[in-house]
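What you see is a predicted model; the values in this text were computed from it and never measured. Chain naming here is simple, since letters A, B, ... match the order of the sequence lines and numbering starts at 1 in each.
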Amino acid sequence: MNDTAYLLAVIFAMGAVTFGLRALPFLSAHWLRRSPVIQHLGRFLPLAIMALLLVHSASGAAREHATGPWPELLAIGLTCLLQWRSRNPLLSIVTGTALYVLLRNWH
Amino acid sequence: MGYIPLGMVFGFLFVQAGGSWLMALLASLVVYAGAAQYMMVPMLAAGMPVSTIALATVLVNLRHIFYGLSLLDTFPRSFVLRWYTAFALTDETYSVLTTLPRDTPPRRLALLALLNQGWWVLGTLLGALIGTQAQVPLDGLDFVLCALFAVLTVEQWRARSSPLPLWTAVISYALAAAVAPRHALVLAILLSIVVGVVAHKREKR
């Protein structure tokens with residue numbers, strides 16, 4: 001984390017990739033908007049990709065320790081419940097993460 | 001304003017992982033993507049190749065392509081404001097902009113986007129400064145990324161038009177993890193795109 005050239009390369013690569021994705025519809029608006037498949041994917045993919053990222057990151061975290069997937073399942077369950085009820089991302093994220101840190105550092 | 005604490009979490013984790021506050025600030029100015037920035041911290045700490053991190057960023061931010069599509073007509077026409085607003089189209093900003101009335105002046109959209117990034121950058125700075133003061137030797141702080149994905153999944157679920165994408169994702173991931181555990185995420189996203197296209201064709205008939 002002290003290699004400035006490496007950090008700069010990563011930051012600007014990530015910035016370019018992110019900007020490219022966000023700007024794409026403005027460059028190719030006509031083609032994209034006329035395509036009914038793209039319209040449908042626009043409704044289908046965001047939920048699918050979010051769920052995939054959730055499952056992927058949670059199973060990655062569960063593989064890092066020996067206690068099984070219970071801390072992840074409990075903390076994600078709490079986070080989802082809070083978000084569903086409160087619609088307050090900060091409350092959900094902080095409480096869910098606090099429960100997770102507590103469970104992981106218990107012993 | 002909700003962006004200040006979330007930015008603080010990023011700044012704090014970045015500095016705790018051994019990075020400088022200046023680099024954390026630069027990331028929030030240049031990258032400006034919540035989930036991708038949380039993701040970059042453990043990847044940087046592990047010294048992963050730039051190409052791997054860039055590819056992971058494509059996967060995490062792929063959904064942003066569809067954000068611009070629904071806002072095309074309401075965006076500012078001026079060159080600078082238009083491209084800045086596109087650059088700043090994060091999950092949070094998107095959800096704010098889509099709740100505005102349709103006759104909102106485009107300049108206001110750009111201003112709101114700028115304000116959101118301002119809060120995010122300020123939060124990053126505060127979190128980084130706190131992070132340089134004390135080392136917190138706790139396991140599991142990087143769970144914030146999982147928690148953020150959980151929050152975004154709940155919000156996408158609330159806005160869903162069908163439950164199919166969720167089941168597609170779960171089944172695709174199980175299949176992909178069984179076939180190619182090391183490339184499970186990429187494979188599962190490709191599978192989900194195929195299912196999405198097929199579901200569309202069947203709907204049309």
CG of B:Leu59 to NE2 of A:His56, rounded to nearest 0.5 Å, is 8.5 Å
Given A:Leu54, A:Leu82, A:Thr79, the one with more heavy-atom pairs under 4.5 angstrom with chain B than any other is A:Leu54
Report task. Begin from the C-alpha positions of B:Val151 and A:Trp84 and carry the test side-chain contact (heavy atoms from CB on, under 4.5 Å) through to its verdict. Result -> CA-CA 8 Å; B:Val151 162; A:Trp84 185 256; over 6 Å; no
In this structure, NE2 of B:His200 is separated from OG of A:Ser35 (nearest 0.5 Å) by 7.0 Å
Closest non-hydrogen atoms of B:Ala86 and A:Ala23, given as atom of the first, atom of the second and distance, are CB-CA, 4.5 Å
If one checks every heavy atom of A:Leu41 against chain B at 4.5 Å, the contacting part turns out to be both
Looking only at B:Val144, B:Leu55, B:Thr85, the option with the highest number of non-hydrogen pairs under 4.5 Å against chain A is B:Val144
For A:Arg22 and B:Leu89 the tightest heavy-atom approach is NE-O, 3.2 Å
Bottom line for A:Pro36: the part with an atom under 4.5 Å from chain B's heavy atoms is both
CG of B:Leu166 to CE of A:Met50, rounded to nearest 0.5 Å, is 12.5 Å
Most heavy-atom pairs under 4.5 Å with chain B, out of A:Leu47, A:Leu78, A:Ile76, A:Thr18, belong to A:Leu47
Check: Counting only heavy atoms not in B:Trp21, do more than 12 sit closer than 6.0 Å to its CH2 atom?
Finding: no
* Is B:Leu185 close to A:Leu53 at the side-chain level, that is, under 4.5 Å between some pair of heavy atoms? -> yes
Ranked by heavy-atom pairs below 4.5 Å to chain A, first place among B:Val50, B:Leu44, B:Val30 goes to B:Leu44
**OP:** Side-chain contact test, heavy atoms from C-beta onward, threshold under 4.5 Å: evaluate it for B:Ser192 versus A:Leu52 and give yes or no.
**Re:** yes
Note: A:Thr97 and B:Phe143 closest approach over all heavy atoms is CA-CD2, 4.0 Å
message: Taking the side chain as everything from C-beta on, heavy atoms only, tell me whether A:Tyr100 gets closer than 4.5 Å to B:Asp142.
response: no
OG of A:Ser28 to CD1 of B:Ile65, rounded to nearest 0.5 Å, is 8.5 Å
Among B:Met39, B:Arg160, B:Met40, the residue with the most heavy-atom pairs under 4.5 Å to chain A is B:Met40
Cut-off 4.5 Å, heavy atoms of chain B, and the answer for A:Leu24 is side chain
Here the gap from B:Met8 atom CE to A:Leu90 atom CG, rounded to the nearest 0.5 Å, amounts to 10.0 Å
- prompt: Is there a side-chain contact between B:Thr168 and A:Phe44, using heavy atoms and a 4.5 Å cut-off?
  reply: yes
Answer key: most heavy-atom pairs under 4.5 Å with chain A among B:Leu145, B:Leu164, B:Val41, B:Leu152 is B:Leu152
- Task: Taking B:Tyr32 for its side chain and A:Phe19 for its backbone only, find out whether a donor-acceptor pair lies under 3.5 Å.
- Result: no
Under the side-chain contact (heavy atoms from CB on, under 4.5 Å) rule, what do A:Met1 and B:Phe14 come out as? Steps first, then yes or no, please. CA-CA 9 Å; A:Met1 292 288 278; B:Phe14 193 93; 4.1 Å; yes
Highest number of heavy-atom pairs under 4.5 Å with chain A among B:Thr90, B:Leu29, B:Val9, B:Val195 belongs to B:Thr90
Comparing A:Asn2, A:Val10, A:Ile11 against chain B, the one with the most heavy-atom pairs below 4.5 Å turns out to be A:Ile11
Applying a strict 4.5 Å limit to non-hydrogen atoms, the region of B:Trp167 in contact with chain A is neither
Please say whether more than 12 non-hydrogen atoms of neighbouring residues, nucleotides or ligands are located less than 6.0 Å from CZ in B:Arg158.
yes
Whatever's closer than 4.5 Å to a heavy atom in chain B on A:Leu45 counts as side chain
Bottom line for A:Phe26: the part with an atom under 4.5 Å from chain B's heavy atoms is both
Keeping A:His40 on the side-chain end and B:Gly196 on the backbone end, is there a donor-acceptor pair under 3.5 Å?
yes
Bottom line for B:Ala88: the part with an atom under 4.5 Å from chain A's heavy atoms is backbone
### Query
Are B:Leu26 and A:Leu8 close enough, and set up right, to give a side-chain contact (heavy atoms from CB on, under 4.5 Å), and what steps lead you there?
CA-CA 9 Å; B:Leu26 189 67; A:Leu8 286 177; 3.4 Å; yes
Student check: side-chain heavy atoms of A:Val37 and B:Lys201 closer than 4.5 Å
yes
Answer whether the closest heavy-atom distance between the side chains of B:Tyr173 and A:Ser59 falls below 4.5 Å.
yes
Greatest number of non-hydrogen atom pairs under 4.5 angstrom with chain B, of A:Gly15, A:Pro25, A:Ala51, falls to A:Pro25
What do the steps show when you test A:Thr4 against B:Met23 for side-chain contact (heavy atoms from CB on, under 4.5 Å), and what is the final call? CA-CA 8 Å; A:Thr4 307; B:Met23 286 294 163; 3.3 Å; yes
Ranking B:Ala159, B:Ala176, B:Gly140, B:Ser161 by heavy-atom pairs under 4.5 Å to chain A gives rank one to B:Gly140
